[in-house]
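Note that the coordinates shown come from a computational prediction; the quantities given were computed from them, not determined experimentally. Below, chains carry the letters A, B, ... as their sequence lines are ordered, and counting in each starts from 1.
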2 protein chains.
Amino acid sequence: MANLTIRQLRYFEALATHGHFGRAAEACAVTQPALSVQIKELEQDLGTKLFERGARQVRLTGFGEEFSLRVRDILHRVDELGDMARASHDKMVGRLRLGVIPTIAPYLLPRIIANLSQSHQELDVHVRETLTPRLVQELTEGRLDAAIVALPISDPAFTEVALFTENMVLVRSDADAGTPVPDKEALREMRLLLLEEGHCFRDQALSFCNIPSSLPQEGLDGSSLSTLVQMVGAGIGVTLIPEMAVPVETRSASVCVGHFRNPQPTRTVGMIWRRTSPLADHLQQVADIVQQSANDLRAEENI
Amino acid sequence: MANLTIRQLRYFEALATHGHFGRAAEACAVTQPALSVQIKELEQDLGTKLFERGARQVRLTGFGEEFSLRVRDILHRVDELGDMARASHDKMVGRLRLGVIPTIAPYLLPRIIANLSQSHQELDVHVRETLTPRLVQELTEGRLDAAIVALPISDPAFTEVALFTENMVLVRSDADAGTPVPDKEALREMRLLLLEEGHCFRDQALSFCNIPSSLPQEGLDGSSLSTLVQMVGAGIGVTLIPEMAVPVETRSASVCVGHFRNPQPTRTVGMIWRRTSPLADHLQQVADIVQQSANDLRAEENI
DNA sequence: ATTTGCCATAAGAAAAAATTATCGAGCAGA
DNA sequence: TCTGCTCGATAATTTTTTCTTATGGCAAAT
């Protein structure tokens, strides 16, 4: 009934083209009875004769003729399945859904995209920029393939790969240039501008200053590092930003950048993906490229 | 490698839609390990993971997603094969390639076509009108499904079914009306108009007169019965035609028809097809309809 | 009439796929 | 943190399918 097999269809096609059981069988690398039986069962399943067995030759019936057109089409499509799989073996193909947190995306993404599309021509990269908790959720739900976040995440469901560790730097008004960089105790006395709640970078900044993140601030949170820097430039206060953001964010603002020393605050950026993801191998490649992208960026800055 | 089975594709589709091995297996009416193994082998054959087995759910990978689109399409087409076969089970469907000799076609074909297309709605009938030897050849080569000819053909490769026997009648000029119908000896002295060589009806006429068919005639052969009758109407001679042709051919010509007696010349018309034809059952039905058509025609003439 | 080519069939062997039973990993509720 | 539970993977065995080899029979060709 619905028990057609691809094998039967292959035998059928061979017999249709060769018009000869023996040769068709040979073409299929089986013996003639094997092919005979399968053709017979195919005809039985269909309830219709496909071939007319004359003494001299084997010919398709009218129905068989129509049948063969469809069978050829089907076999072709089946073969394509294999091709498709083979094509996507090593090179990562298709879509890569990548999440990135907002304090990384603007600075690193352009480089990542450039490098990725160079090394993985066929890959179309979807980027989602949002806060860590949402990235984690979407990753869990399978709506993302990987995410670039600040470590640690410590979710046992994820593989976590550290990519790089970068310093957090102080952004002050131009007016403060030359004055010594405050230590973290002094920092606590200053007006520290922070990202809105939910940004991990906010928590990292607070943590560096030993300020509990639950403590309410003065209500001057910015929605982006860019906003914070602008506010600093306006003389409203100081802020911390990741080193990576320096070239972009301090270019057009009248601010100066100061490095802390001993201990310097840092954040570690990494990539995470579901441990069960079958893309694991590929994702490690992607992680390497992201790491390379960060290195590129850093090298560029230090020119 | 190229060992994909339809079964695997069916299991795959079930798992893709259910997202759950147990339920997919149930839907396929097999146990869960059976499905598990087949999916595993499918993935192995392809060399790619199709599903991501999370603890909580089973999800298609990006590749699996693309794969499933194609698989659904393929399975649909495979199912159509079955439908197609089922649809053509009893009712004869598709094309019927029917050969007919020229001394039958003009008289019987309209009726046959009418009756056939009434009883076999879905059948599109291709008609080929030519001389017996060519019909036999095309039948042998599988380029025709059946032929309506004068019997006997006596080819062991063919099934031969007699349909009806009809008289051959004399066509004379109107002027001869009322004079007795000549017997075959007298006929030999008259100017007998015949079809061109190759027509079996020519040979049958000659045979009735005991004239060897090898004997050259006076070069007045007609290419059709219609021509012969017109010639008779012009007073050139007499001719024989099958009774079936009388209403059509003698309607507009100034000729009269005479029946021989004792023995009347006759020809037997029948249908032939390759004994190996899988349409045998259907062709017997067609033969019945052809026979009925001849009866219809005869009844109509005798009104 | 005999031989030959070719497909069908039968019987036994090999391969594939199913079943039952069991394991172990990840969640969830206690 | 443990414990029970769900669910998929795996193992061992049986059943089913599909081969191969051997052989038969029919029709065409010599």
Please determine if a side-chain N or O atom of [X] lies less than 4.0 Å away from the OP1 or OP2 oxygen of [N].
| X | N | value |
| --- | --- | --- |
| A/Thr31 | D/dC19 | no |
| A/Gln38 | D/dT17 | no |
| B/Arg7 | C/dA18 | yes |

Using a distance-only test with no angle check, is there a side-chain donor-acceptor pair under 3.5 angstrom linking [X] and [Y]?
| X | Y | value |
| --- | --- | --- |
| A/Glu52 | A/Thr61 | no |
| B/Gln292 | B/Asp288 | no |
| B/Glu26 | B/His18 | no |

Without decimals, in angstroms, what is the distance between [X] [atom1] and [N] [atom2]?
| X | N | atom1 | atom2 | answer |
| --- | --- | --- | --- | --- |
| B/Asp45 | C/dA17 | CG | C1' | 14 Å |
| A/Glu26 | C/dC7 | CD | P | 13 Å |
| A/Gln44 | C/dT9 | CD | C1' | 13 Å |
| A/Asp155 | C/dG26 | CG | C1' | 13 Å |
| B/Asn3 | D/dT18 | CG | P | 14 Å |
| A/His18 | C/dG5 | NE2 | P | 19 Å |
| A/Leu42 | D/dT17 | CG | P | 16 Å |
| B/Leu35 | C/dA16 | CG | P | 19 Å |

Under 4.0 Å, heavy atoms only, any strand: does A/Tyr11 hit a base, just the sugar-phosphate, or nothing?
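Contact class for A/Tyr11: sugar-phosphate only.
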Please work out if B/Gln8 contacts a base, only the sugar-phosphate, or nothing of the nucleic acid, heavy-atom cut-off 4.0 Å.
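Here B/Gln8 touches no strand at all.
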Check whether any side-chain heavy atom of A/Ser277 sits under 4.5 Å from a side-chain heavy atom of A/Asp145, and report yes or no.
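Sidechains of A/Asp145 and A/Ser277: no contact.
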What I'd like to find out is whether the side chain of A/Ile112 reaches to under 4.5 Å of the side chain of A/Ile148, using heavy atoms alone.
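SC-SC contact between A/Ile112 and A/Ile148 confirmed.
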On DNA chain D, check which nucleotide each of B/Arg275 and A/Glu41 is closest to and give me the residue with the more 5' one.
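Between the two, 5'-proximity favours A/Glu41.
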Nearest listed nucleotide, side chain of A/Ala34, among C/dT19, C/dA17, D/dC19:
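Out of C/dT19, C/dA17, D/dC19, the nucleotide with an atom closest to A/Ala34's side chain is D/dC19.
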For B/Gln204, give me all partners under side chain to side chain contact (heavy atoms under 4.5 Å, CB included), at least two apart in sequence or on another chain.
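Side chain to side chain contact (heavy atoms under 4.5 Å, CB included) list for B/Gln204, sorted by chain: B/Ala150, B/Met168, B/Cys200, B/Phe201, B/Arg267.
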Picking from A/Leu144, A/Asp155, A/Ile153, what satisfies side-chain contact (heavy atoms from CB on, under 4.5 Å) with A/Leu139?
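It is A/Leu144, the one option of A/Leu144, A/Asp155, A/Ile153 that forms the side-chain contact (heavy atoms from CB on, under 4.5 Å) with A/Leu139.
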At a cut-off of 3.5 Å, list every protein nitrogen or oxygen paired with a nitrogen or oxygen from nucleotides 8-13 of chain D, distance to 0.1 Å.
| residue | atom | partner | partner atom | Å |
| --- | --- | --- | --- | --- |
| D/dG8 | OP1 | B/Phe21 | N | 3.1 |
| D/dG8 | OP2 | B/Phe21 | N | 3.4 |
| D/dG8 | OP2 | B/Gly22 | N | 3.3 |
| D/dA9 | OP1 | B/Arg53 | NE | 2.6 |
| D/dA9 | OP2 | B/Ser36 | OG | 2.8 |
| D/dA9 | N7 | B/Gln32 | NE2 | 3.0 |
| D/dA9 | N6 | B/Gln32 | OE1 | 3.3 |
| D/dT10 | OP2 | B/Lys40 | NZ | 3.2 |

